S.K.: 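Starting off with a structure, shown below.
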Amino acid sequence: MAKILVTGGAGYIGSHTCLELLNTGHDVVVLDNLSNSSVESLNRVQQLAQKSLKFVEGDIRDSQILDRIFQENTIDAVIHFAGLKAVGESQQIPLAYFDNNIAGSISLVQAMERAQVFKLVFSSSATVYDEANISPLNEEMPTGMPSNNYGYTKLIVEQILEKLAIADTRWSIALLRYFNPVGAHKSGQIGEDPRGIPNNLMPYVTQVAVGRREKLSIFGNDYNTVDGTGVRDYIHVVDLANAHLCALNNRLTSQGCRAWNIGTGNGSSVLQVKNTFEQVNGINIAFEFVSRREGDVATSFADNKRAIEELGWAPQYGLEDMLADSWKWQKQNPHGYG
Ligand code: NAD
Ligand code: UFG
């Protein structure tokens with residue numbers, strides 16, 4: 001079993017991944033500055049796993065903290081979630097995004113190089129694909145210039161890591177291009193806890209269901225899709241967490257830098273999500289149609305064959321599970337981690 005440094009491990013996807021790592025016998029060190037999370041998520045991860053992890057509160061841009069972590073722990077590999085992720089905010093404060101996401105990632109790989117740790121799994125996004133590509137999106141398709149600064153940081157970091165692995169063959173890097181992570185651990189003890197008004201569909205729906213928001217605004221009903229609303233590939237966060245373990249195993253025995261899509265391969269429209277949520281959970285979701293959101297594409301879903309064939313990964317959960325688990329988490333924790 002390996003010792004893994006998880007940056008951003010207190011966050012939504014990071015906490016679910018820490019739990020799967022502990023459950024499979026790995027040792028975990030988390031570095032998180034708690035800028036968008038609560039340490040309570042890690043308390044619950046440890047309770048669920050009945051095992052402890054090491055938590056360091058700090059920033060990936062702080063090279064002294066990174067050096068100390070690598071000196072005090074024999075780290076085998078790094079899973080790098082830390083970063084800012086709000087698309088709208090990235091248009092307002094681009095420098096914060098360039099600094100946290102791009103400079104932060106450079107700071108991390110520099111520290112890894114100093115420590116001679118060359119295995120890395122990076123949180124990328126389907127947003128790196130050129131918008132002209134037609135779904136299902138596969139990894140051979142061209143990347144493009146993302147419509148927002150957040151997406152731009154993911155593309156730049158992917159390119160930096162690709163160039164790094166070409167220049168120095170000791171590196172072994174997985175770029176995981178997530179589609180739309182939703183859902184929560186079956187226990188309902190850990191889940192997504194966005195600060196302020198949610199940007200993403202699923203937490204908005206669950207906050208309407210729990211009475212924190214009046215109604216869902218559906219951004220556009222005139223897209224060229226099954227019912228006019230936007231189509232996305234929703235992936236259960238536990239399936240996504242497990243993809244990191246599969247990528248880690250793959251990277252422990254390979255070199256170079258390679259991208260994998262992590263999605264189910266199925267697209268669901270906003271109305272399908274809303275209606276299925278209502279059916280599965282027996283709750284009505286008030287909604288209204290409003291105009292399209294700037295930067296949104298009509299349809300995005302994955303071709304996930306490469307991950308299935310090369311990583312030995314496969315999604316286990318469907319949309320109904322995702323919606324039931326999202327609701328269980330929100331119902332048990334109406335105000336998130338509080
Ligand atoms: P999250 O905000 O819940 O988790 C990110 C964590 O990183 C938080 O705990 C935050 O406190 C921490 N962090 C931020 N900047 C940091 C810094 N400079 N130093 C140390 N810690 C820092 O987000 P998430 O949904 O779990 O996303 C994890 C990763 O996956 C991010 O890189 C995100 O961009 C990427 N991603 C997310 C989605 C999504 O829809 N959730 C989709 C594609 C990619
Ligand atoms: N939507 C609504 N109402 C809402 C929120 C979302 O109708 O209140 C719709 C969107 O228009 C879209 C779908 O629900 O059709 C999904 O929207 P999300 O915001 O949940 O997800 P996105 O596909 O827009 O976002 C994803 C990732 C981001 C990434 C972005 C790039 O979550 O990390 O793709 O476009 F940057």
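If you're wondering where the values come from, they're calculated on a predicted model, not measured in any experiment. Indexing begins at 1, ligand by ligand and atom by atom, following the structure's order. In what follows, every heavy atom counts, from backbone to side chain, and hydrogens, waters and symmetry copies are set aside.
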S.K.: Walk me through it: do Tyr152 and Phe98 pass the test ring-ring contact (aromatic ring centres under 6.0 Å, His included)?
M.R.: CA-CA 9 Å; Tyr152 173 72; Phe98 302 153; 5.8 Å; yes

S.K.: Could you verify whether a donor N or O on one side chain and an acceptor N or O on the other, from Asp227 and Ser269, lie under 3.5 Å apart?
M.R.: yes

S.K.: If you take the nearest heavy atom of each of Lys154, Arg293, Arg232, which one is closest to atom 24 (O) of ligand 2?
M.R.: Arg293

S.K.: Between OH of Tyr234 and CG of Asn266, what distance do you get to the nearest 0.5 Å?
M.R.: 13.0 Å

S.K.: Nearest protein heavy atom to atom 14 (O) of ligand 2, by residue and atom, and its distance?
M.R.: Val270 CG2, 3.5 Å

S.K.: When you measure from atom 12 (C) of ligand 1 to every protein heavy atom, which one gives the shortest distance, and what is it?
M.R.: Asp32 OD1, 3.4 Å

S.K.: Hey, does Ser41 sit under 4.0 Å from ligand 1 if you only count heavy atoms?
M.R.: no

S.K.: Considering only the protein, which heavy-atom contact is closest to atom 11 (O) of ligand 2, and what is its distance?
M.R.: Asp296 OD2, 2.6 Å

S.K.: Could you tell me the residue and atom name of the protein heavy atom closest to atom 5 (C) of ligand 1, and the distance to it rounded to 0.1 Å?
M.R.: Gly83 O, 3.9 Å

S.K.: Under 4.0 angstrom from ligand 2, any heavy atom of Ser217?
M.R.: yes

S.K.: Counting heavy atoms only, which part of Ala126 comes closer than 4.0 Å to ligand 1: side chain, backbone, both or neither?
M.R.: neither

S.K.: Report yes if Ile13 has an N/O atom closer than 3.5 Å to an N/O atom of ligand 1; otherwise report no.
M.R.: yes

S.K.: Give the ring-plane orientation class for Trp171 versus Phe118, where under 30° counts as parallel, over 60° as perpendicular and anything between as tilted.
M.R.: perpendicular

S.K.: Is it the case that the ring center of His16 lies less than 6.0 angstrom away from the ring center of Phe81?
M.R.: no

S.K.: Give the atom numbers and elements of ligand 1 that come within less than 4.0 Å of a heavy atom of Asp59.
M.R.: 17 (C), 18 (N), 19 (N), 20 (C)

S.K.: Indicate whether the side chain of Tyr178 and that of Ser123 have a donor and an acceptor atom separated by less than 3.5 Å.
M.R.: yes

S.K.: To check your reading of the model: name the closest protein heavy atom to atom 22 (P) of ligand 2, its residue, and the distance in Å.
M.R.: Asn180 ND2, 3.6 Å

S.K.: Does Tyr178 reach ligand 1 with a nitrogen or oxygen that is under 3.5 Å from one of the ligand's nitrogen or oxygen atoms?
M.R.: no

S.K.: Is it true that Asp76 and Lys119 make a salt bridge, defined as a side-chain N closer than 4.0 Å to a carboxylate O?
M.R.: no

S.K.: Does any N/O atom on Ser125 come nearer than 3.5 Å to any N/O atom on ligand 2?
M.R.: no

S.K.: Is the shortest distance from a Lys or Arg side-chain nitrogen in Arg177 or Glu158 to a carboxylate oxygen in the other one below 4.0 Å?
M.R.: yes

S.K.: Apply the side-chain contact (heavy atoms from CB on, under 4.5 Å) test between Phe179 and each candidate in Asn261, Ile262, Thr264; give the one that qualifies.
M.R.: Asn261

S.K.: Nearest to atom 28 (C) of ligand 1, what protein heavy atom do you find, and at what distance?
M.R.: Phe81 O, 3.7 Å

S.K.: Could you check which of Thr127, Val87, Asn200 puts a non-hydrogen atom nearest to atom 27 (C) of ligand 2?
M.R.: Asn200

S.K.: Are any of the N/O atoms on Ala10, whether in the backbone or the side chain, positioned under 3.5 angstrom from an N/O atom of ligand 1?
M.R.: no

S.K.: Out of Phe219, Tyr234, Phe289, who is nearest to atom 13 (C) of ligand 2 when you count heavy atoms only?
M.R.: Tyr234

S.K.: Which is it for Asn180 and ligand 1 at heavy atoms under 4.0 Å: side chain, backbone, both or neither?
M.R.: neither

S.K.: Any Lys/Arg nitrogen of Lys85 or Glu192 sitting under 4.0 Å from an Asp/Glu carboxylate oxygen of the other?
M.R.: yes

S.K.: Looking only at protein heavy atoms, identify the closest one to atom 25 (O) of ligand 1 and say how far it is in Å.
M.R.: Lys85 NZ, 2.8 Å

S.K.: Answer with side chain, backbone, both or neither: which part of Tyr150 has a heavy atom less than 4.0 angstrom from an atom of ligand 2?
M.R.: side chain

S.K.: Applying a 4.0 Å heavy-atom criterion (strictly less than), which segment of Ile60 is in contact with ligand 1: side chain, backbone, both, or neither?
M.R.: both

S.K.: Side-chain donor-acceptor pair under 3.5 Å between Asp67 and Gln64, yes or no?
M.R.: no

S.K.: Which ligand 1 atoms are under 4.0 Å away from a heavy-atom of Leu34?
M.R.: 11 (O)

S.K.: Could you say whether the N/O atoms of Asn100 and ligand 1 ever approach to under 3.5 Å?
M.R.: yes

S.K.: I'd like to know whether CD of Glu320 has more than 12 heavy-atom contacts from other residues, nucleotides or ligands below 6.0 angstrom.
M.R.: no

S.K.: In terms of relative ring orientation, are His80 and Phe122 parallel, tilted or perpendicular, with 30° and 60° separating the classes?
M.R.: tilted

S.K.: Counting heavy atoms only, which part of Leu201 comes closer than 4.0 Å to ligand 2: side chain, backbone, both or neither?
M.R.: both

S.K.: To check your reading of the model: name the closest protein heavy atom to atom 2 (O) of ligand 1, its residue, and the distance in Å.
M.R.: Asn36 ND2, 2.7 Å

S.K.: I'd like to know if Glu140 and Arg306 make a salt bridge, using a cut-off of under 4.0 Å between side-chain N and carboxylate O.
M.R.: yes

S.K.: Determine, for Asp222 against Arg292, whether the closest basic-nitrogen to carboxylate-oxygen distance falls under 4.0 angstrom.
M.R.: yes

S.K.: State plainly whether the residues Arg293 and Asp296 are in salt-bridge range, i.e. N to O under 4.0 Å.
M.R.: yes

S.K.: Closer than 4.0 Å to some heavy atom of Asn199 - which atoms of ligand 2 meet that?
M.R.: 5 (C), 19 (O)

S.K.: Salt-bridge test for Glu310 and Lys305: reply yes if a basic N is under 4.0 Å from a carboxylate O, no otherwise.
M.R.: no

S.K.: May I ask you to check if ligand 2 and Lys85 share an N or O to N or O distance below 3.5 Å?
M.R.: no

S.K.: Quick one: CD1 on Ile235 to CG on Asn180, what's the gap to the nearest 0.5 Å?
M.R.: 10.0 Å

S.K.: Return the residue, atom name and 0.1 Å-rounded distance of the protein heavy atom closest to atom 34 (O) of ligand 1.
M.R.: Tyr150 OH, 2.7 Å

S.K.: Below a 4.0 angstrom heavy-atom separation, can you tell me which part of Lys154, side chain or backbone, both or neither, approaches ligand 1?
M.R.: side chain

S.K.: If you measure every N or O of Gly11 against every N or O of ligand 1, does any of those distances drop under 3.5 Å?
M.R.: yes

S.K.: For atom 3 (O) of ligand 1, find the nearest protein heavy atom and state the residue, atom name and distance (0.1 Å precision).
M.R.: Tyr12 N, 2.8 Å

S.K.: Considering Ser123, Ser37, Pro181, Gly104 one by one, which has a heavy atom nearer to atom 42 (C) of ligand 1 than any of the others?
M.R.: Pro181

S.K.: Quick check: closest heavy atoms across Ile308 and Ala314, and the distance to 0.1 Å?
M.R.: CG1-CA, 4.4 Å

S.K.: Relative to each other, are the rings of Phe277 and Trp327 parallel, tilted or perpendicular (30° and 60° limits)?
M.R.: perpendicular

S.K.: Strictly less than 4.0 Å: does any protein heavy-atom distance to atom 8 (O) of ligand 2 fall in that range?
M.R.: yes

S.K.: Suppose we measure from atom 17 (C) of ligand 1 to each protein heavy atom; which comes out shortest, and what is that distance?
M.R.: Asn33 ND2, 3.2 Å

S.K.: For ligand 1, which atoms sit closer than 4.0 Å to a heavy atom of Ser124?
M.R.: 43 (C), 44 (C)

S.K.: Any non-hydrogen atom of Ser35 lying under 4.0 Å from ligand 1?
M.R.: yes

